[in-house]
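The structure appears right after this line, and notes come after that.
Remember, it's 1-based here, ligands and their atoms both numbered in the order they're listed.
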Amino acid sequence: MSGSYTVRDIQVLKGLEAVRKRPGMYIGNTGRDGLHQLVWEILDNSVDEALNGHCTRIDVVMGTDGSITITDNGRGIPVEKHPVTGKNTVETIFGNLHAGGKFDDYAYKVAGGLHGVGAAVVNALSEMLVVEVCRNGRRYAQKFSRGKTKSKLNEIGKAESTGTMVTFRPDPQIFGERQFSKERIRERLETKAFLIAGLEITLTDEADRSVEHFVFPGGITDFLLKLCGDSKMVDAQPFHFRQDNGLRLEIALAWTESTNGRVLSFVNSIPTPGGGTHETAFRNGISRALRGYIEKRNGLPKGIKNITAEDVREGLVAVVSVYLHGNLEFQGQTKERLNSPEAQQIEPLLRSTFEAWLHQNPSQAAAVTARVVLAAQARTASRAARDEVARKAAMRRLTLPGKLADCSSPLRDETELFIVEGDSAGGSSKQARDRRFQAVLPIRGKILNVEQASAEKLRANKEIQSLVHSIGTGMAGSFDYTRLRYGKIIINTDADVDGHHIATLLLTFFYRFLPQLIKRGHVYLAMPPLYRIRVGSGKKARTHYVFTEAEKERVVKSGNGKDVDIQRFKGLGEMDAATLKSTTMDPATRSILRVGLDDDGKADAVFDCLMGKDVKKRFMFIKTHATEVKDLDI
Ligand code: 28F
């Protein structure tokens with residue numbers, strides 16, 4: 001029998017040698033996924049036999065030696081000499097890469113995407129593979145190793161029934177990982193049992209001698225109920241559709257009250273987690289049917305213009321299982337997305353059958369349309385709420401004063417508003433700021449003496465208006481803390497008498513009309529230095545910023561004998577942007593004082609003093625007290 005070695009033998013050998021050389025080309029990789037792909041390939045041959053109506057039972061055994069045995073009670077692989085190869089059919093299927101299509105009279109055969117060459121690929125990548133066939137009242141067996149025939153197809157006994165059994169052990173020369181995952185295999189077997197109603201599948205683990213059974217008389221409807229889990233279905237009766245002639249198709253679907261939907265799709269019982277043409281056609285068909293039904297019935301409630309794909313998707317749980325002939329087209333990195341155009345037929349088919357079902361089942365239809373309309377209402381309401389928020393924000397931006405240089409951060413607590421005096425200080429502050437979180441509002445001249453003016457009079461004042469609008473809260477009676485636009489409000493005025501006067505007026509204004517902002521610690525005073533003193537020269541030069549005359553004297557004395565350069569800042573406008581930034585604006589280097597109130601009585605007296613006639617006294621007050629403040633925020 002083994003005598004002559006033909007050209008064909010060499011070609012076959014070369015074919016399986018190619019699989020061993022580049023296994024990734026055939027099974028994706030040689031890791032865990034590739035290892036399990038071997039199981040799916042053999043399993044799918046049994047599943048194909050079941051799909052064609054010849055097999056009712058599949059048994060899977062995980063051996064203690066790292067092998068897997070799969071048995072089906074189908075017709076058994078033919079044992080006759082194959083007309084094309086001249087070899088028996090078992091050897092043809094397991095030893096020939098081109099066994100798919102040509103030799104294959106199967107209606108549906110994709111074997112996990114390998115188009116019928118799965119058995120040969122598994123054989124090539126297994127250190128041991130045994131096929132046993134029961135057929136014609138006899139039992140036959142043939143052995144292989146790494147794609148090579150190790151025995152003839154021998155008759156080894158009698159058989160009462162029919163079927164095929166394959167045992168294989170993955171080749172350690174190919175696979176780094178050889179431990180099968182029971183969990184993965186269990187999930188795959190359960191899914192197959194769901195997809196083929198009534199098919200009995202068992203999983204035996206020789207290690208612990210456990211046996212699990214998977215059989216679902218309700219098929220994909222049982223699958224659907226499992227997928228719905230604890231979420232409540234909107235109606236007790238899911239929609240089920242099955243067509244066996246023409247395009248073979250089976251669909252089960254239901255809506256749940258949960259907002260997450262889940263659609264599982266399959267082609268020839270192989271999962272397509274990436275969806276594809278069949279899933280898209282399914283979704284479109286369902287949406288069109290629902291829209292058609294609603295149009296013919298009462299139409300949509302007021303305020304809802306249309307039903308979108310998103311509305312239909314919400315809470316939708318479905319199993320879509322389609323069977324296609326011929327070569328399947330897959331797309332995407334992992335080839336998990338079906339791209340076969342034939343699947344588009346699903347759309348019109350589903351549109352008409354689902355719409356008809358809705359008309360025939362008015363109570364179910366009412367529950368389903370109510371669910372989809374609810375999703376549309378939620379969508380419309382949330383859009384309206386979103387629009388309203390956006391509109392209000394736009395309005396507020398529009399009413400902001402033109403001279404406010406706003407910041408971009410939407411996070412209120414990290415933002416700062418600098419109130420500066422005059423356009424020149426305003427200009428250098430805008431240069432020195434970090435526009436992401438720092439805003440600048442220049443105010444002009446001296447605002448009213450707020451101690452005397454009424455709230456009415458102040459509201460009419462332009463400077464006060466832009467100040468209050470910038471802060472965002474409104475003032476006095478219409479104060480609303482939640483609308484505060486900045487985390488810190490920092491008053492930054494010149495270190496001279498006029499500057500202190502303006503700071504005082506502003507503080508008095510905050511105290512009288514926006515006391516919450518002081519109480520909650522939002523108001524600060526910047527501390528612009530009065531002098532910059534450079535002591536020494538060259539690399540050893542030191543720069544000191546000082547805030548009082550006394551400090552200046554100290555620094556000058558300490559610099560005894562060295563070069564001393566003193567610059568007096570008449571105003572913020574005189575400082576260059578870098579100096580302004582480091583002394584009053586940059587959070588890493590500046591000094592600012594948080595303004596606080598211990599108790600109202602004491603603060604009132606303070607403000608009284610501040611507003612007194614004697615400017616000198618007032619100035620001195622701020623000087624002494626400012627340096628006393630403990631709550632120094634650097
Ligand atoms: C554990 C793995 O592989 N089961 C299979 C069949 C049955 C037939 C078949 C298989 C015939 C001409 C190729 C029987 N009788 N389980 C399996 N069961 N293959 S694989 O036929 C293969 C083709 O060329 C079968 C009549 N027709 C088909």
Side-chain angles (χ1 to χ4, degrees), residues 8 12 15 36-63 67-126 128-144 147 153 159 161-170 180 185 188-189 192-193 196 199-204 214 268-270 325-326:
R8 177 167 286 129
V12 166
H36 288 84
Q37 190 62 42
L38 303 184
V39 184
W40 314 152
E41 295 299 338
I42 299 301
L43 174 69
D44 281 340
N45 288 340
S46 295
V47 168
D48 284 341
E49 190 70 353
L51 282 169
N52 289 313
H54 302 292
C55 156
T56 59
R57 188 188 166 112
I58 299 172
D59 300 291
V60 178
V61 179
M62 299 174 70
S67 70
I68 292 267
T69 299
I70 302 180
T71 311
D72 67 55
N73 66 349
R75 292 165 296 177
I77 298 174
V79 290
E80 305 76 54
K81 197 175 182 182
H82 196 280
V84 177
T85 61
K87 293 181 172 286
N88 80 70
T89 311
V90 169
E91 201 172 332
T92 302
I93 290 177
F94 282 84
N96 199 315
L97 257 193
H98 305 288
K102 230 194 239 171
F103 315 120
D104 195 347
D105 61 355
Y106 275 16
Y108 309 103
K109 192 142 178 75
V110 286
L114 289 188
H115 311 296
V117 301
V121 169
V122 175
N123 190 19
L125 302 176
S126 296
M128 173 276 280
L129 186 140
V130 179
V131 186
E132 284 189 35
V133 171
C134 292
R135 203 177 152 98
N136 313 327
R138 298 183 185 97
R139 179 180 281 266
Y140 308 85
Q142 185 162 19
K143 293 183 180 162
F144 304 86
L153 180 69
S161 54
T162 61
T164 306
M165 176 169 100
V166 173
T167 300
F168 67 94
R169 195 167 54 237
F180 287 110
I185 293 172
R188 190 83 170 197
L189 296 182
K192 296 289 185 190
I196 304 165
L199 173 64
E200 211 182 326
I201 302 183
T202 66
L203 173 60
T204 302
F214 307 98
N268 299 358
S269 89
I270 316 283
H325 297 273

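- Near Ile42, meaning under 4.0 Å from any of its heavy atoms, are these atoms of ligand 1: 1 (C), 2 (C).
- Inspection of the Asp59 and Thr71 side chains reveals no N or O donor paired with an N or O acceptor under 3.5 Å.
- Proximity of Leu199 to Phe214: side-chain heavy atoms (C-beta onward) are nowhere separated by under 4.5 Å.
- Considering Asp72, Val133, Asn45 only, the shortest heavy-atom separation from atom 16 (N) of ligand 1 involves Asp72.
- Which parts of ligand 1 touch Pro78 is read off a 4.0 Å heavy-atom cut-off, strictly below it: atoms 8 (C), 9 (C), 11 (C), 14 (C), 21 (O), 25 (C).
- Only side-chain heavy atoms of Arg135 come within less than 4.0 Å of ligand 1; its backbone N, CA, C and O stay farther off.
- Neither the backbone nor the side chain of Thr92 has any atom closer than 4.0 Å to an atom of ligand 1 (non-hydrogen atoms only).
- Judged by the shortest distance from any of its heavy atoms, Gly74 lies outside the 4.0 Å radius around the atoms of ligand 1.
- Heavy atoms of Gly76 come nearer than 4.0 angstrom to ligand 1 in at least one pair.
- The shortest N/O to N/O separation between Thr89 and ligand 1 does not fall below 3.5 Å.
- The side chain to side chain contact (heavy atoms under 4.5 Å, CB included) with Phe94 is formed by just one residue from the set Asn96, Val90, Thr92; it is Val90.
- Remark: Arg139 pairs with Glu132 by the salt bridge (Lys or Arg N to Asp or Glu O under 4.0 Å) rule, at least two apart or across chains.
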- Start with the C-alpha distance between Asp72 and Thr164, add both sets of side-chain angles, then the distance that settles side-chain contact (heavy atoms from CB on, under 4.5 Å), and finish with yes or no. CA-CA 5 Å; Asp72 67 55; Thr164 306; 3.9 Å; yes

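- Using a 4.5 Å heavy-atom threshold, the side chains of Val121 and Glu41 count as separate.
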